Amino acid sequence: MRNFVFHNPTKIIFGKGTVGQIGDEIKKYGVEKVLLLYGRGSIKRNGVYDSITSSLERNGISWVEVSGVKPNPVLSKVHEAIKVARREKVQAILAAGGGSVIDSAKAIAAGYYYSGDIWDAFLGKYKVDKALPIFTVLTISATGSEMNGGAVVTDEKTGLKLSFGSKATYPKVSIIDPTVQFTLPKEQTVYGAVDAIVHVLEYYFDGSKDRWLMDRVMESIIKTIMESAEILVNEPTNYEARANLAWSATLALNGLTSTGSFGGDWSSHYIEHALSAIYDIPHGAGLAIVTPAWMRYVMEEDIDKFRRFAKEIFGEEDPEKGIEAFKSWLKNIGAPVSLKDAGIPEKDIDKIAENAAFEAPFGTLKRLELEDIKKVLEIAAI
Ligand code: NZQ
Ligand code: ZN
């Protein structure tokens with residue numbers, strides 16, 4: 001096990017009927033005016049917007065709104081909201097939504113204090129060390145963004161989807177009320193589950209050894225997500241399945257599964273970000289296409305770990321059968337498992353690989369260069 005520092009400063013309030021506590025939590029920070037950021041309207045249809053705004057009113061907190069954050073959020077929206085935040089002199093950002101809204105909130109909170117273009121943070125030209133306080137009401141469990149400092153945004157001009165991470169952009173408080181996820185479309189539940197599983201796999205297969213405790217924790221998280229997702233595709237309002245999936249997804253990427261590791265491999269994520277940047281497909285769908293192909297490509301680098309995965313998760317002895325079983329599970333639950341399934345032609349492989357290679361070489365289990373990325377995509381083709 002490697003040395004590590006584990007320090008997660010985000011306070012989580014978890015459970016049924018907790019959304020209305022958001023105003024009380026924000027008030028504890030002495031905040032009187034927030035920027036309320038949300039997506040394309042699901043919070044208005046499922047009552048989350050009303051619970052939030054009445055909680056703000058009850059606590060004497062005023063707000064200004066920016067809405068319309070799209071899945072695979074874009075830089076122009078971040079720029080627009082930074083202008084509003086400055087003009088309205090807000091003291092905090094309140095993000096109500098999923099990873100797209102929360103990630104945008106982080107870029108806005110950091111951009112508020114930065115005199116240049118906040119895209120510099122994504123390009124690694126500016127190290128974020130200051131941000132407005134961020135509060136979140138999570139409405140879809142997937143990214144773990146509610147309890148980490150990472151943000152992923154696409155610059156529409158260059159077509160690059162990049163990330164930054166900072167201690168300054170951990171949310172102060174996140175509310176996770178699984179009941180608000182009852183209204184999720186089936187495919188969004190599935191993509192969220194896939195994303196969370198792959199976050200665990202990034203750490204599970206990063207080449208690190210002797211993380212006995214974490215290996216078992218990670219296997220438990222994966223199995224719990226699978227079990228919950230299988231229930232939710234038929235019973236979207238099953239509270240225990242929603243709750244177990246939600247907490248698993250948060251723990252998958254809040255620093256816990258990273259402890260003692262090499263920091264995660266992240267190749268599947270880098271390659272996927274090119275897919276969702278170019279084709280605007282959901283992140284979890286892209287991961288279902290890329291990850292089994294990446295597993296095949298790198299399997300020999302740590303065959304014992306792939307054997308263990310096959311045995312522990314699917315009861316298979318053969319490592320290759322474990323990957324096959326994972327791919328079948330993804331397909332059966334409703335995710336695309338090839339470029340073809342997502343309607344992406346094989347002739348686009350060079351273009352996708354070049355986009356992904358902007359950040360290459362990457363990967364800790366196997367270092368991937370442009371040619372490796374192409375090979376992974378070829379495996380993912382059909
Ligand atoms: O726009 P609205 O109306 O909010 O609808 C959303 C959106 O269409 C809908 N939705 C959310 N909660 C709902 C709901 N619909 C009905 N009922 C609810 N309760 O779901 C759709 C997807 O939302 P989105 O926020 O895009 O989903 P997700 O949380 O999966 O976020 C994906 C983004 O996060 C990035 C991804 O790349 C992608 O851009 N990631 C962020 C990470 C991080 N910050 O740590 C790590 C991840 O690996 C990932 O890259
Ligand atoms: Zn992800």
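Atoms within each ligand, like the ligands themselves, are counted from 1 in listed order. Here the structure is a predicted model, which means the values were calculated and not measured.
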So, regarding [X] and ligand 1 (criterion: nitrogen or oxygen to nitrogen or oxygen, under 3.5 Å), is there a contact or not?
X	answer
G41	yes
E272	no
S100	yes
T183	yes
G99	yes
P185	no
P71	no

Per-atom contacts of ligand 1 with [X], taking only distances under 4.0 Å to non-hydrogen atoms:
X	result
D195	47 (C), 48 (O)
K161	36 (C), 37 (O), 38 (C), 39 (O)
V152	40 (N), 41 (C), 42 (C), 50 (O)
P73	39 (O)
V180	19 (N)

Inset, instruction - Indicate whether the side chain of T189 and that of R242 have a donor and an acceptor atom separated by less than 3.5 Å. - result: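 Per modelled atom types, T189 and R242 side chains form a pair under 3.5 Å.
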
Inset, instruction - Considering only NZ, NE, NH1 and NH2 on the basic side and carboxylate oxygens on the acidic side, decide whether R307 and D304 come within less than 4.0 Å. - result: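 The answer is yes: the pair qualifies as a salt bridge.
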
Legend entry - Ring centers of F122, W119 separated by less than 6.0 Å: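 Under 6.0 Å, so yes.
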
Legend entry - Pair F306 and F205, ring centroids less than 6.0 Å apart: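 Yes, close enough.
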
Provide, to 0.1 Å, the distance between [atom] and the closest protein heavy atom, together with that atom's residue and name.
atom	answer
atom 13 (C) of ligand 1	L184 CD2, 3.3 Å
atom 6 (C) of ligand 1	S42 OG, 4.5 Å
atom 11 (C) of ligand 1	T139 OG1, 3.4 Å
atom 45 (O) of ligand 1	N148 ND2, 3.1 Å
atom 30 (O) of ligand 1	A142 CB, 3.6 Å
atom 23 (O) of ligand 1	I140 CG2, 4.3 Å
atom 34 (O) of ligand 1	T143 CG2, 3.3 Å
atom 22 (C) of ligand 1	Q188 OE1, 3.5 Å

Using modelled atom types only, decide if a donor and an acceptor are shared between the side chain of [X] and the backbone of [Y] within a distance under 3.5 Å.
X	Y	answer
S55	S51	no
N148	L253	yes
D50	G47	no
T259	G255	no
K70	N72	yes
T179	K16	no

If Ile, Leu, Val, Met, Phe, Trp and Tyr residues are connected whenever their side-chain heavy atoms lie under 4.5 Å apart, and connections chain through other members, are [X] and [Y] in the same group?
X	Y	value
I176	I225	yes
Y204	L256	yes
M299	L201	yes

Legend entry - Atom NZ of K33 with >12 non-hydrogen neighbours under 6.0 angstrom: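 For K33, atom NZ is crowded (more than 12 foreign heavy atoms under 6.0 Å).
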
Legend entry - salt bridge (Lys or Arg N to Asp or Glu O under 4.0 Å) between E324 and R296, worked out: CA-CA 9 Å; E324 256 327 296; R296 274 250 176 79; 2.2 Å; yes

Inset, instruction - Return the set of protein N, O or S atoms whose distance to the Zn ion (ligand 2) is under 2.8 Å, each given as residue and atom. - result: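 Correct list: D195 OD1, H199 NE2, H269 NE2, H283 NE2.
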
Legend entry - Within reach of ligand 1, part of N46 (heavy-atom separation under 4.0 Å):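 Side chain only.
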
Inset, instruction - Please state which part of H283 comes within less than 4.0 Å of ligand 1, counting heavy atoms only: side chain, backbone, both or neither. - result: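 Looking at H283 and ligand 1, just side chain atoms fall under 4.0 Å.
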
Legend entry - Other cluster members, V48 - Ile/Leu/Val/Met/Phe/Trp/Tyr, side-chain contacts below 4.5 Å: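 Members alongside V48: I13, V19, I22, I26, Y29, V31, V34, L36, Y38, I43, Y49, I52, L56, I61, W63, L94, F135, V137, V173, I175, V180.
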
Inset, instruction - Ignoring hydrogens, just give me the one of E202, H199, Q181 whose non-hydrogen atom is nearest atom 47 (C) of ligand 1. - result: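 Looking at heavy atoms only, the winner is H199.
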
Legend entry - Exercise: identify the closest heavy-atom pair between I281 and G286: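 Scanning both residues completely, I find the closest heavy atoms to be CD1-CA, 3.7 Å.
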
